[in-house]
Amino acid sequence: MTDFELLERDGLARRGRLSTPHGPIETPALLPVVHPDPARQAASPRWMRETLGLGAVITSAYITWRSPPLSAVARERGIHGLLDFDGPIMTDSGAFQQHAYGSVEITPEESLGFQEAIGSDIATVLDVFTEPEAPRDHAAEGLEITLERARRARAGRSGLLAVPVQGGAYPDLRARSAEAASQIGDVLAVGGVVPLLEQYRFVELVRAVAAARPHLAPDRAVHLFGAGHPMTFALGALLGVDLFDSSAYIKFARRGALLVPDGTVPVRGLRERICECALCRERPLTELGELSAGDREVHLARHNLLASAEEMARVRQAIREGTLWELVERRTTAHPALRAALRSLTSQPELFLPTEPDRRRAFREVTAESRRRPSVVAFQRRVEAYRARRVAPRRLPAVPLRPEYLRWIPREDRDGQPLEWVSATPLGDVPLELLETYPVGPFLGLAEFESPRRPCPVAALRSLLDADPTLGTDRGDRWQPDWDRVQIQALLEWRYGPEIVRRLEIARLKVGRSRRTLRVRWIEADGRPLWVVGNDGQAHPTFEGAVQLLSSAPGLVPRVTVHPEAAEFVAAGRSLFSKFVVRADPALRVEMTAPLVDPSDRLLAVGRLLLAPTEMGRMSRGVAVRVTGHARSPPELEPEPEPVALDG
Ligand code: GUN
Ligand code: ZN
């Protein structure tokens, strides 16, 4: 049983909950580094929690241990007593001091024993901090020492244990470190990156995290040591980092610098009140010169914490909304080094594709980089496969050229005959029948606003109409039966592939369309909805739809097999918990709606996947599939909201 629960996700990014003896940590979370000596701390942990909602902190067990007065209080009243804080406290081991000062006189056993003795909620193994410049043999050796210490630490600790992931600049060592740490730790803490953060070497930073990421167990919280500038939070979360810690708020305050999500502002010479947060309203930034150096530092530290807490909240909100990529694209414009880091991430889509959701509510083009998102890569690959499957070009019916239905005009037209209606979209050529599919369907980009009102190339429309005057809106509804058939085929093939679609009785199926936009809203048979088509332009089976699928193509339909113990709950509409998943077909993707069956293939329900098939067996806590339709009572057709028309 692990202590991390995944609640919501946006690709690799997760919103989760880590349970500790002093309460849960809602992730992604910033754990501010606090000094163990309350007299030297610019803001108390209690204030951080009560005023800013920062519920957990990290402190140095080593600095506490080294100071006889602090260590005496900590041993007597616990670390919670010393910090006067009853929320979750993570302790660090002293590895960083070892790195900074050359050596520390504490042994790994003493470090762990002390963290245990003072009641740390999350204790950290004394690792070997590996510099990014370390030669390979150094990095490899440090890694093995760290792992050996971690194994011994585990044997002596029943509470939560953070195991650092080192490996320097060597991807294979990062991978090995991540793999081995996953066997031992509750919190997997990517370390050795502080120099990269300090020197804006973000490309190397994301390479280090990316190399470790696929090898980190999905049911453990992931920590990134030292990432405390708010401009790095969204990027870190995008890579699946759950916990951030840093002393950046105080370090920058000492230098007289204000942290904001898109950079750092020196307050010297500031003539405008660029922050109106509650703290800066009370004590305007332009008047900080009147304060003593100490008071100014306290003010800046508190503002920096507030700005950091706020940014972390935005990151969590973006994960809830499925808009984290947009936030990252905006944040990375803060510095070319961050843009370079994002670019290096989008050049490795394979990192993201296994957990990339099948749909999101929206797709907003933020920068030129937006079109390189993994969702676009995944879509383009599927479109390519879909088009390649068309063995013989088939004659397609004319389509309803309703401007509100079409955003782009088909341009492939051989010998004057429409063989394949393809739209040149900003995300590449897309068959017309798939034009509503995520991400091209909800795509909102520059093109819509650059060309006057309608993005359709009017000349192309006119030449099509000249060639065949029967095309277009004045054809009434005669286009519909043919085009319906094409779309039913396309939507189901997109979802299930040609093999399964061949076995379905397509001729029996009908579509329901939105009257206003003509978009397909559902696919039905005998008046019963079998698939519902959302704003993602994809077909999601109802319970009835799953019945049809399983009876037409038994054994072929990608599905989730539920443990008998949970079968009746699922059949009654309760969520399927990860620990009750017996098997999940590898063809399933996050956010898809799939049939849930018992081990004898009896259909229990249909539901939306929160986890990727590879994760389902490996998460001991939390929901794997949210049931959307089930056996005990027939599902209602959920009315889909009408899409917002772009051009009125
Ligand atoms: N603090 C910043 N970096 C590190 C690291 O690599 N290991 C540990 N234990 N603490 C850190
Ligand atoms: Zn402020």
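Whatever order the structure lists ligands and atoms in, that order sets their numbers, starting from 1.
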Checking T124 against S93: is there a side-chain donor and acceptor pair closer than 3.5 Å?
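No, T124 and S93 have no side-chain donor paired with an acceptor closer than 3.5 Å.
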Scan side-chain atoms only and decide if S19 and R621 contain a donor-acceptor pair under the 3.5 Å cut-off.
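Short answer, yes.
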With heavy-atom distances below 4.5 Å as the criterion, would you say the side chains of R49 and D86 are in contact?
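With C-beta onward as the side chain, the pair touches.
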Closer than 2.8 Å to the Zn ion (ligand 2): how many protein N, O or S atoms are there?
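Protein heteroatoms (N, O, S) closer than 2.8 Å to the Zn ion (ligand 2) number 4.
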Quick one: do E26 and R316 make a salt bridge, cutoff under 4.0 Å?
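Between R316 and E26 there is no salt bridge, as every charged N stays at least 4.0 Å from the carboxylate O atoms.
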Is R176 salt-bridged to E179, cutoff N-O under 4.0 Å?
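Salt bridge between R176 and E179, a charged N being under 4.0 Å from a carboxylate O: no.
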May I have the N/O to N/O pairs between ligand 1 and the protein that fall below 3.5 Å, each with atom names and distance to one decimal?
residue  : atom   : partner : partner atom : Å
ligand 1 : 6 (O)  : Q166    : NE2          : 3.0
ligand 1 : 6 (O)  : G192    : N            : 2.8
ligand 1 : 7 (N)  : D127    : OD2          : 2.8
ligand 1 : 9 (N)  : D92     : OD1          : 2.8
ligand 1 : 9 (N)  : D127    : OD1          : 2.8
ligand 1 : 10 (N) : D92     : OD1          : 3.4
ligand 1 : 10 (N) : D92     : OD2          : 2.6

With R364 as the cation and W325 as the aromatic partner, state whether NZ or CZ is under 6.0 Å from the six-membered ring centre and within 45° of the axis.
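No, cation not above the ring by the 6.0 Å, 45° rule.
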Cation-pi between R136 and Y170: NZ/CZ under 6.0 Å from ring centre and within 45° of the ring axis?
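Here R136 passes the 6.0 Å and 45° test against Y170.
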Just to verify, which of S111, S60, S120 counts as forming a side chain to side chain donor-acceptor pair (under 3.5 Å) with T91?
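Checked S111, S60, S120 against T91; only one passes side chain to side chain donor-acceptor pair (under 3.5 Å): S120.
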With under 30° as parallel and over 60° as perpendicular, where do the rings of H80 and H22 fit, or are they tilted in between?
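Aromatic pair H80/H22 classed parallel.
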